[in-house]
Structure formats: structure tokens, C-alpha cells
There are 2 protein chains.
Amino acid sequence: MSKGRVTVVDIAKAAGVSKSTVSLVLQGSPLVNEGTRTKVNATMRELGYVYNRGAANLRANAKSKIIGVVVNDLTNTFFAELAVGVDMVVQSAGFVQFLSNTSESIDRQREVIASMREHGISGLIVSPARATEAVDLKPVVAAGIPVVVVVRNVPGAKVSSIVSDNYAGTHAAVEHLVSLGHQRIGFFGGFPDTAVFEERFNGFRDAIVAAGQPFGEDLIFSSAPSRAGGVDAVALAMQGINPPTAAVCFNDAVAFGVCDGLRARGREPGRDFGVVGFDDVIEAKTAVPALTTVSVDPQGMGRRAAQLLLKQINAGKADAEAITTSVRLVVRESCGAGQNKPGRKTA
Amino acid sequence: MSKGRVTVVDIAKAAGVSKSTVSLVLQGSPLVNEGTRTKVNATMRELGYVYNRGAANLRANAKSKIIGVVVNDLTNTFFAELAVGVDMVVQSAGFVQFLSNTSESIDRQREVIASMREHGISGLIVSPARATEAVDLKPVVAAGIPVVVVVRNVPGAKVSSIVSDNYAGTHAAVEHLVSLGHQRIGFFGGFPDTAVFEERFNGFRDAIVAAGQPFGEDLIFSSAPSRAGGVDAVALAMQGINPPTAAVCFNDAVAFGVCDGLRARGREPGRDFGVVGFDDVIEAKTAVPALTTVSVDPQGMGRRAAQLLLKQINAGKADAEAITTSVRLVVRESCGAGQNKPGRKTA
DNA sequence: CCTATTTGTTGGAACGTTCCAAAGATGTCA
DNA sequence: TGACATCTTTGGAACGTTCCAACAAATAGG
């Protein structure tokens with residue numbers, strides 16, 4: 001087993017050429033004679049040669065073909081999809097992905113980023129843990145490693161970012177509910193300590209005002225941004241004196257929880273109460289009722305992030321680029337508008 | 001930026017010692033003088049030194065501290081959780097995780113495994129893509145790299161495996177439904193082309209027979225192992241002449257789909273029809289009704305897999321070990337047994 | 001026949017670490 | 001004082017690759 005691995009020198013010796021020639025073959029150089037090439041290739045196959053990228057990366061200017069991906073919560077479908085999107089393009093560009101999960105722990109995040117640097121990543125995609133600050137990314141960008149943050153922005157960091165148009169999303173959601181005749185729409189779920197919350201909430205508030213409806217604190221039902229949180233938010237909302245008739249939710253998880261909570265109270269989402277989510281996770285279209293939601297396409301976002309990163313890696317230098325991806329309201333059934341159902345298809 | 005990175009020699013020069021001493025400090029050797037150590041450490045911090053693992057791994061006998069993780073479908077919560085479990089223990093053992101998603105593509109799987117080998121992983125955990133054969137893992141184990149397969153077994157491969165006790169799981173599910181008085185129980189979802197299906201199905205069939213109930217092909221409602229598939233299975237089941245009154249589902253995704261399908265037909269899962277899932281994904285406990293299911297704890301499974309792998313890595317040699325993790329029926333509401341639950345609604 | 005040019009091939013140095021054998025200090029004992 | 005032991009430090013050789021400069025052989029142009 002641990003008897004020395006097969007190296008280029010072994011191949012060279014066996015094939016009767018020099019290690020330089022083997023190296024040339026390895027890189028598909030046009031300089032080598034066709035006959036030599038096939039002979040070397042045959043020998044490699046025969047001896048079971050495995051390329052040693054570590055050794056190759058050692059050379060001064062070598063690029064490592066490793067890109068680091070850090071997500072804050074892999075168990076959330078949204079981020080898992082994001083990672084899959086990244087993996088797709090990264091993989092087909094011949095790179096490989098170092099993926100780590102931080103579980104929203106900023107210490108963990110620091111550790112994994114440090115570890116990734118030691119392994120010589122040539123680019124980093126990170127969906128930052130809560131409370132991530134510019135200083136956390138500073139050393140990486142100082143080392144000239146391109147960084148792309150996704151989903152959540154990091155204020156003050158000179159890095160590229162790809163976030164969805166949160167403001168426009170909730171704005172559109174409110175407009176739609178208003179057009180269905182709702183007079184009292186609440187904002188359900190999430191905690192007001194993140195940039196994402198702020199953006200989504202602002203879109204909500206401005207749209208309410210723009211529709212000429214009264215806006216007040218009593219329309220906000222804060223809770224954990226999870227399914228369980230959605231249940232809590234409904235409980236909160238329904239005990240009020242003048243409960244809302246529709247909810248714009250912080251994300252799809254909350255929206256599902258809101259549906260659960262409504263049913264537990266004998267009210268059917270879509271028929272008795274309008275529910276709109278945010279993210280368009282895969283379950284959204286198969287749930288009953290199918291969830292009306294703001295579509296974000298996490299996988300596409302992952303792909304875009306990876307493309308942007310690869311572009312920067314190849315360009316050699318990384319000018320910070322801030323992209324907000326446009327979102328789209330996907331009308332299904334949970335808002336109560338699903339009458340004319342037959343053809344609403346998503347890409 | 002790309003002006004040469006800081007190396008041990010730079011540190012050595014700046015601190016007035018030899019590179020060997022710096023190396024000793026790096027490894028926390030007790031041989032170095034306390035004063036020297038602090039001076040070197042200070043210099044490292046000052047110059048912004050980053051350890052180069054690639055170079056270190058180059059030495060003949062070096063262990064890479066990288067472990068590869070390959071999953072067949074990261075967008076499925078089950079596997080995402082599994083990956084998180086692995087990450088946890090791997091991370092805290094000072095290793096780092098190379099994670100890749102194969103999307104059930106065997107070609108992709110071959111590629112990523114090859115790529116991982118080139119990066120010198122010192123262990124591999126894989127949840128094999130469908131139709132993976134022993135030969136796909138052969139080169140890896142031949143290279144003396146410990147391999148642990150999870151979730152799905154690979155027949156004939158001389159590697160360790162951790163799979164859940166599928167047979168016992170569905171067996172227990174049936175027993176429970178029988179104890180609730182069901183006389184006609186169906187097996188919903190999944191395609192009979194995988195070992196997992198076979199095991200779960202066998203547990204189901206044997207339990208039906210053991211309960212003295214008639215077993216026939218008309219109790220099987222095959223479909224995609226997804227939420228959408230669950231809806232299809234219900235459609236299939238309900239058009240029969242003598243439809244079942246309860247379902248043991250291939251997995252939780254199917255079970256959720258079955259609930260959706262039932263509702264779409266005006267029947268309430270838990271009250272009018274018993275539903276039992278398999279996996280116990282996170283959503284299972286918060287769904288309405290909460291899903292009765294066979295708990296597999298994917299995260300725990302990931303942790304165990306990682307522990308086993310690390311053990312083998314440290315032991316130097318890997319004796320194949322086949323572990324089946326025990327499962328547990330978690331009784332919630334969807335089976336109709338939740339009578340004594342405080343919040344239960346009847347009409 | 002001599003010089004260029006093209007086509008393949010090649011040794012050796014370099015990359016950043018670890019590890020070994022050995023060497024300087026310093027102290028201890030007889 | 002000499003012989004040892006202990007503590008700390010140190011050059012240099014590896015590890016498996018890439019790349020450069022050089023070279024051999026064959027072809028072409030004058």
C-alpha cells in the first residue's frame with residue numbers, strides 16, 4: 001500500500017523518456033511526438049499513475065484549481081441548491097470545490113476560511129454567517145484571492161456580491177395582494193437584525209404606503225425565519241384586535257409555517273387568507289396549496305456566483321462588482337389567485 | 001499582491017533563526033526554547049504568514065488532512081444533513097472536507113473521485129450514485145485509501161458501510177398501523193431498482209404477512225421517490241376497487257406528497273388515512289399534521305461515518321466494517337395515533 | 001558545405017515544507 | 001580536565017511537479 005506512489009519519474013523510466021517529456025504529455029503540449037505521447041500514456045495507464053496536484057501547485061505561479069465555498073446553513077434547501085449551482089460550473093471548469101458549513105457560527109467561519117487559505121484556494125464564494133464583518137474577509141482579499149459574497153452583503157467589504165433584489169420582491173408581493181383586494185397585509189417572520197430583513201421589509205412598507213394603505217407597527221409579526229417561526233407569527237397575528245387578511249413572509253420556510261398555523265386554526269391558506277413566500281424553494285410548487293412566492297433561483301445564483309468568480313480568477317484581478325439578481329413573483333395558489341391555473345410554468 | 005508569498009525562510013530570516021526552527025515551532029515541538037518560540041510566532045503574525053499545506057503534504061509519508069465526501073443528491077435535505085454531520089466531526093478533527101454532488105450521475109461520480117485522488121485525500125465517504133459498482137471504488141481502495149459508503153451499499157466492494165436498518169423500519173411501521181386497526185395498508189413510492197427499496201419493501205411485506213393479513217401486488221403503488229411522486233401514488237391508489245386505508249411510504253418526501261394528494265381529494269391525513277414516512281427529515285416534526293416516520297438521523301449517520309473513517313485513517317489500515325444503524329419509529333400525528341395530543345383538532 | 005529553422009527531447013533548478021544527522025552550547029560528574 | 005548527557009539549533013536532502021535553457025537530429029535555403 002504505502003510503497004511509494006507512482007511518479008512521473010517512474011513513468012519516464014518505464015517509458016524510456018525523460019520526466020520532462022512525461023510532464024509535457026501531461027499538459028497536452030503539442031510539442032511531443034505522437035508516438036512518444038501514446039507510449040507515455042500507455043505506460044501511465046499501466047502503472048496506475050495518479051497526478052499529484054499538490055506538487056504541481058507548489059511551483060511559484062501555479063493556480064490551484066480549488067475554490068472554497070462557505071455557506072451558513074447547508075441544511076436549508078436554499079443554500080444546498082446554491083452550493084449545487086456553484087458546483088456545476090466550478091466542476092465543469094475543471095475546478096474542485098471545498099465546501100464547508102458554518103451553521104451561522106462566525107468562529108467556525110473564520111476557521112474554515114483560514115483552513116481554505118492554507119490549502120491554497122484560488123477563489124472564495126461565501127454566504128456569510130450572521131454578523132460577518134468586512135474585517136473577516138480582509139486578509140483573503142489582501143492576499144489577492146478573488147471573493148464573491150452571495151445572498152447576504154457584507155457592508156464595507158471591497159468584494160463582489162450577488163444578492164437578490166429583496167426590495168423589489170416584497171414590493172411586488174404587496175402589489176399583487178392589494179390587487180386581489182386585501183386591505184390589511186402583514187409582514188411575517190424574520191428578525192430585524194439583518195440586511196436581508198431590512199431590504200425585504202422596506203419593500204413591503206413602501207408598497208403598502210404606495211398603495212395608500214395605512215402602515216403601522218401592528219403589521220409586523222417578527223419570528224424566527226423558519227417553519228416553526230411561521231407558526232409562531234400566525235399565533236401572534238391572530239390574537240390581535242384587527243388581524244391581517246394576508247401575509248407577506250420573510251421566506252418560504254416561514255410561509256409554510258404560516259400555512260400550518262392557519263390550518264391549525266381551521267383556516268385554509270389561499271381561500272381564507274393570502275400567503276406569499278420568498279425564495280421559491282423546490283417544495284414551493286408541489287406543496288398544497290402551491291405557494292405563491294418570490295422566485296430567487298438559488299441554483300442559478302450559485303452558477304452566476306461561480307461564473308463571476310472564475311472570470312475574476314482568469315482575469316487575474318478582481319474588481320468588486322455588485323450584482324443584484326432580479327426576482328419574479330410566481331403566482332400559484334396560496335395567495336388566493338389560483339383560479340385560472342393551467343399554465344403557469346417556471347424555468 | 002502576487003509578489004511571492006511569505007514562507008518559512010522569510011520568517012526564519014526575519015526572526016534570525018533557521019527554517020528548521022520555524023518548522024519546529026509550526027508543529028508545536030517541545031524542543032524549541034520558549035523565547036525563540038514566541039519570537040517566531042510574533043514574526044509570523046507580523047508578516048502575515050500563511051501555512052502552505054500543499055508543500056507539507058509533498059513529503060513522502062505525509063497525511064493530507066483532506067477527506068472527500070461525495071453525495072448523490074445534495075438538494076435532498078437528507079443528504080445535506082448527512083454532509084453536515086460529516087463536516088462536524090471532520091472539521092473538529094482538524095481535517096477539511098472536499099464535498100461534491102453527483103446528481104446521481106455515475107460519470108460525474110467517477111470524475112469527482114478521480115479529482116479527489118489527485119488532490120491526495122486521505123479518506124473518502126460516499127453515498128453512491130445509483131448503479132455504482134464495486135469496480136468504481138476499486139482503484140481508491142487499491143491505493144490504500146479508506147472508504148466508507150453510506151446510505152446505499154455497494155455490493156461486492158470491500159469497503160466499510162453504514163446503512164440504516166431499512167427492513168426493521170418498515171416492519172415497525174406496519175406493526176404500528178396494524179395495532180391502530182388498519183386492515184389494508186399500501187406501500188407507496190419508490191422504484192424497485194435499488195437495494196434500499198428492496199430492503200424497505202421486504203420489511204413491509206414480511207410484516208403484513210406476519211400480521212396475518214393478505215399480501216398482494218395490489219398493495220404496491222410505485223412512483224418517483226419524491227414529493228411529486230407521492231401525489232402520483234395516491235392517485236394510483238385511490239382509483240383502485242379496494243383502496244388502502246393507510247400508507248407506508250418509501251421516504252418522507254413521498255409521504256408529504258401523499259398528504260398533499262389526500263388533501264387534494266378532500267381527505268385529511270391522520271384523520272381519514274394513516275401515513276407513515278421514512279427518514280425523519282427536519283420538516284417532519286413541524287409539518288401539519290406532524291409526520292409519523294421512521295427516524296434515521298442523517299446527521300448522526302454522517303457523524304458516525306466520519307468517525308469510522310477517521311478511525312481507519314489513524315489506524316493506518318482499513319478493515320471493512322459493515323454497520324447498520326438502528327432506526328426508531330417516531331409516532332406523531334399523520335398515522336392517526338395522536339389522540340392524546342393537546343392541540344389536536346377533529347373537525 | 002555552412003548556417004538557419006524546425007521538431008523533439010532533456011537535465012537541472014525551483015516551489016515550501018519536513019525530517020535526519022549532526023553540531024553548538026551548557027551543565028554534570030568523576 | 002575529560003567524558004558525557006541534555007537542550008537547542010541547524011544545514012541539507014528529499015517530496016513530485018513545472019519550466020527554462022540547452023541540445024540533438026533532421027530539414028531547408030543559400
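Quick caveat: nothing in here was measured; it's all calculated off a predicted structure. In the text below, chain A, chain B and the rest are named by the order of the sequence lines, each starting its count at 1.
In terms of phosphate contacts, S23(A) brings no side-chain nitrogen or oxygen within less than 4.0 Å of OP1 or OP2 of dT17(D). Close to dC19(D), at under 4.0 Å from its OP1 or OP2, lies no side-chain N or O of R59(A). Between T21(B) and dT8(D), a side-chain N or O to OP1/OP2 separation shorter than 4.0 Å is absent. At the phosphate of dG16(D), OP1 or OP2 sits under 4.0 Å from a side-chain N or O atom of R5(A). Contact annotation: Q27(B) does not reach the phosphate of dT17(C) (side-chain N/O to OP1 or OP2, under 4.0 Å).
What separates NE2 of H119(A) from P of dT17(C) is a distance of 13 Å, to the nearest Å. D10(A) places its CG atom 10 Å from the P atom of dC15(D), with the value rounded to the nearest Å. dC19(C) atom C1' lies 10 Å from atom CG of L24(B), rounded to whole Å. The CZ-C1' distance, from R53(A) to dC15(D), rounds to 18 Å in whole Å. For K13(B) and dG16(C), the NZ to C1' distance is 13 Å, given to the nearest whole Å. Protein atom CG of L58(A) is 14 Å distant from nucleotide atom P of dA14(C), rounded to whole Å. Rounding to whole angstrom units, NZ of residue K63(B) and C1' of dT17(C) are separated by 18 Å. The distance between atom CG of N57(A) and atom C1' of dA14(C), rounded to the nearest whole Å, is 15 Å.
The side chain of T36(B) has dT9(D) as its nearest neighbour among dG16(D), dT9(D), dT9(C). Among dT18(D), dT17(C), dT9(C), the nucleotide with an atom closest to any side-chain atom of A56(A) is dT18(D). Of all nucleotides listed (dG16(C), dT8(D), dT17(D)), dT8(D) comes nearest to the side chain of N33(B). Nearest nucleotide to the Y51(A) side chain, out of dT18(D), dT9(D), dT10(C): dT18(D). Side-chain atoms of L26(A) lie closest to dT18(D) of the nucleotides dG11(C), dT18(D), dG16(D). Nearest to the side-chain atoms of K19(B) among the listed nucleotides dT9(C), dG16(C), dG12(D) stands dG12(D).
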- Please test V296(B) against M301(B) for side chain to side chain contact (heavy atoms under 4.5 Å, CB included), starting from the C-alpha separation and ending with a verdict. CA-CA 8 Å; V296(B) 169; M301(B) 204 159 160; 3.9 Å; yes
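Within a 6.0 Å radius of CD in E133(A), no more than 12 heavy atoms belonging to other residues, nucleotides or ligands are found. Heavy atoms from other residues, nucleotides or ligands lying under 6.0 Å from NZ of K39(A) number more than 12.
Summarising the geometry of S122(B) relative to P146(B), their closest heavy-atom pair is O-CD, 3.5 Å, with the distance given to 0.1 Å.
Under 3.5 Å, the side chain of S20(A) and the base of dG11(C) form at least one donor-acceptor pair of N or O atoms.
When each of N52(A) and E34(B) is assigned the nucleotide of DNA chain D with its nearest heavy atom, E34(B) is the one assigned upstream, toward the 5' end. Residues L31(B) and A55(A) both approach DNA chain D. Their nearest nucleotides, taken by heavy-atom distance, put L31(B) toward the 5′ side.
Between E118(A) and K65(B) there is no salt bridge, since no side-chain N of the basic residue sits under 4.0 Å from a carboxylate O of the acidic one. Taking a cutoff of 4.0 Å between a charged side-chain nitrogen and a carboxylate oxygen, R304(A) and E321(A) do not qualify as a salt bridge.
Across all strands, T7(A) comes closer than 4.0 Å only to sugar-phosphate atoms, never to a base (heavy-atom distances).
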